[in-house]
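We count residues from 1, following the sequence as given. All values below come from the heavy atoms of this structure, side chains included, with hydrogens, waters and symmetry mates left out.
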Amino acid sequence: MRQETKTLDERIDRIYKMAKEHYGEVRFVGIKRHTKIGWVAKIQFDEFESLMADGENAIGALKNLRKRLKKIIDRYNMV
């Protein structure tokens, strides 16, 4: 049985939905290649600072960003 792999679009959509549910307005969620750092994933909010995470590849950067967002949401829900 072949395991289905998620596309970058699906990963970005999932992060966008998580951020929108928790924070409200999200300007964008995106990813780009930085010459010195490598891949950088970023969430830009209207009313808050942006969240960023980097990785060796595009998928790694998105996974790290999702983990970071999830930690923040979990911490917020604990209070």
Side-chain angles (χ1 to χ4, degrees):
M1 183 183 287
R2 196 178 135 252
Q3 183 180 0
E4 285 188 44
T5 56
K6 296 180 192 112
T7 65
L8 292 177
D9 287 343
E10 290 168 340
R11 290 179 192 278
I12 289 171
D13 284 343
R14 188 171 178 194
I15 292 169
Y16 181 86
K17 287 175 187 167
M18 277 177 64
K20 191 160 177 80
E21 284 174 13
H22 186 71
Y23 288 102
E25 250 345 279
V26 176
R27 194 172 294 162
F28 76 88
V29 176
I31 188 158
K32 70 177 183 177
R33 178 108 168 96
H34 192 281
T35 52
K36 293 181 182 174
I37 301 170
W39 286 94
V40 178
K42 182 177 182 179
I43 303 174
Q44 181 73 49
F45 300 103
D46 279 343
E47 299 175 15
F48 303 101
E49 298 266 333
S50 60
L51 281 178
M52 294 188 343
D54 56 26
E56 289 184 20
N57 55 36
I59 292 171
L62 287 171
K63 281 183 180 179
N64 291 341
L65 182 63
R66 184 174 169 275
K67 284 180 196 171
R68 187 165 180 209
L69 178 63
K70 194 163 172 46
K71 277 184 188 176
I72 291 168
I73 291 171
D74 288 347
R75 229 179 274 145
Y76 177 82
N77 289 334
M78 283 174 34
V79 175

Q: Might you point out which heavy atoms bring His22 and Ile73 nearest each other, and give the distance in Å?
A: CG-CG1, 3.5 Å
Compile the donor-acceptor pairs under 3.5 Å between side chains in residues 34-53 and protein atoms, sequence neighbours left out, one pair per line.
from, atom 1, to, atom 2, distance (Å)
His34, ND1, Lys36, N, 3.2
His34, ND1, Ile37, N, 3.4
Asp46, OD1, Arg27, NE, 3.0
Asp46, OD1, Arg27, NH2, 3.2

Q: Working to the nearest 0.5 Å, report the span between OG1 of Thr7 and CD1 of Ile59.
A: 9.0 Å
Q: Return yes when atom NZ of Lys20 has more than 12 non-hydrogen atoms of other residues, nucleotides or ligands closer than 6.0 Å, and no otherwise.
A: yes
**Q.** Gap separating the CG atom of Leu62 from the CD1 atom of Ile15, nearest 0.5 angstrom
**A.** 4.5 Å
Q. Roughly how far apart are Phe28 CZ and Ile12 CD1, rounded to 0.5 Å?
A. 10.5 Å
Q: Measure the spacing between NZ of Lys6 and CG of Asp13 and express it to the nearest 0.5 Å.
A: 12.5 Å
Q | Spatial distance of atom NZ (Lys67) from atom CG (Asp74) [nearest 0.5 Å] | A | 13.5 Å
Q. Is any side-chain heavy atom of Arg66 less than 4.5 Å from a side-chain heavy atom of Arg11?
A. no
